[in-house]
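All heavy atoms count here, side chains included; hydrogens, waters and symmetry mates do not. Order of appearance sets the numbers: ligands from 1, and atoms from 1 within every ligand.
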Amino acid sequence: MKPKIIVHGGASRSSNDEPDRKKDVINACKIGYEVLLEKDAVEAVEIAIRNLEASAFLNAGVGSYLQLDGRVRMDASIMKDDLSAGAVIGIEDVEHPISVARRVMESTQHVILSGRLATEFAHSEGFPRYDPRTRPKVNLWMEIMEEFRQKTTYEQIFHVDQYLKEGRFTLGTVGCVAMDSNGRIAAGTSTGGLKMNVPGRVGDSGIIGAGTYCSKYGGVSCTGYGEKILVLSLGKQVVNYLKFRESTNAMGAAEYGIEELNSLHAHGGIICIDKQGNIGYGHNTKAMAMHFIE
Ligand code: GLY
Ligand code: GLY
């Protein structure tokens with residue numbers, strides 16, 4: 001079977017960084033594809049996402065948005081078509097959350113580790129300490145904090161997003177789905193969460209069945225409004241669509257997923273690969289940095 005890979009750098013309402021994001025997404029896709037020619041799907045997904053996490057233009061790993069308290073907490077998940085899965089939620093002080101998620105999958109009996117436990121697990125497993133904050137993201141945080149302080153009462157803290165100006169609200173989760181030459185599929189997603197995320201708020205990217213899902217019918221990675229992706233169980237729904245509608249393919253399933261998002265007036269994007277190796281994608285945002293090789 002011919003290997004295939006699709007990568008996204010997040011659905012967004014458009015940003016000045018679009019060409020840089022696109023460049024890093026194409027690069028990660030190419031590196032993932034090189035790996036796929038030699039190794040299996042899960043290896044390619046991890047490597048592609050590590051490259052996306054290393055980009056300062058994308059909201060995952062290095063360059064993640066700071067949360068309300070000025071810290072970066074990240075979520076990531078990875079899943080294979082045999083239903084093995086691993087994820088971390090609210091992890092800090094690492095460069096590559098996706099690799100920690102893979103370690104959870106491969107060397108523990110758990111699926112998700114969260115918060116301090118996730119960070120301690122990573123460091124005890126030998127993942128180096130790394131502060132993913134970049135100067136532009138720290139500056140942005142300070143700017144928003146200033147504005148927020150002037151306009152907000154303590155009670156409004158959970159609605160911080162309402163204080164962010166439309167134009168500044170860009171999303172940038174990253175993800176990858178790959179099929180290797182043996183026809184095996186894997187999918188993964190990684191994010192820094194929402195800009196000014198309230199500490200403790202959990203989005204879709206670290207949740208198996210929401211941001212990421214993979215079974216023998218297909219693999220999916222989602223991006224966008226995490227709360228809505230969660231309540232839709234969007235990743236699982238898209239794979240179920242492939243499972244129960246023999247006549248559909250990955251593109252049809254992605255379109256169905258976008259219709260589900262539309263029904264909740266939620267912004268987002270989806271990438272997927274079905275069991276025949278068809279590639280599908282869709283988004284209802286102005287832009288979604290994305291690239292695939294088949
Ligand atoms: N940071 C939210 C998203 O792009 O999915
Ligand atoms: N889609 C990423 C998040 O909502 O955190």
Pair F292, I273 - check side chain to side chain contact (heavy atoms under 4.5 Å, CB included), show working.
CA-CA 11 Å; F292 60 85; I273 296 182; over 6 Å; no
Looking at D81 and I185, would you say the former's side chain and the latter's main chain have a donor-acceptor pair under 3.5 Å?
yes
G224 heavy atoms within 4.0 Å reach ligand 2 at atoms 1 (N), 2 (C), 4 (O)
Please confirm whether E227 approaches ligand 2 to less than 4.0 Å, judged on its heavy atoms.
no
Can you tell which part of K228 has a heavy atom less than 4.0 Å from ligand 2: side chain, backbone, both or neither?
neither
What atoms in ligand 2 come closer than 4.0 Å to a heavy atom of G203?
5 (O)
Distance under 4.0 Å to a non-hydrogen atom of G193: what atoms of ligand 2 satisfy this?
5 (O)
Which of these, E53, H96, R50, sits in a side-chain hydrogen bond (donor to acceptor under 3.5 Å, both in side chains) with S190?
E53
With distance as the sole criterion, is a donor-acceptor pair present between the side chains of T189 and S221 under 3.5 Å?
yes
Flag the pair I31 / E34 as yes when at least one side-chain heavy-atom distance between them is below 4.5 Å, and no otherwise.
no
For T173, the ligand 2 atoms whose distance to one of its heavy atoms is below 4.0 Å:
1 (N), 2 (C)
Quick note on ligand 2: atoms under 4.0 Å from a heavy atom of R201 include exactly 3 (C), 4 (O), 5 (O)
Should you measure from each heavy atom of S205, which atoms of ligand 2 turn up under 4.0 Å away?
1 (N), 2 (C)
In sequence, state the C-alpha distance, the side-chain angles, and the governing distance for F121 and I91, and then conclude on side chain to side chain contact (heavy atoms under 4.5 Å, CB included).
CA-CA 10 Å; F121 168 77; I91 194 169; over 6 Å; no
When you look at T212 and I78, which way does the side chain to side chain contact (heavy atoms under 4.5 Å, CB included) test go after all the steps?
CA-CA 7 Å; T212 301; I78 192 161; 6.0 Å; no
What I want to know is whether D204 and ligand 2 share at least one N or O pair that is separated by under 3.5 angstrom.
yes
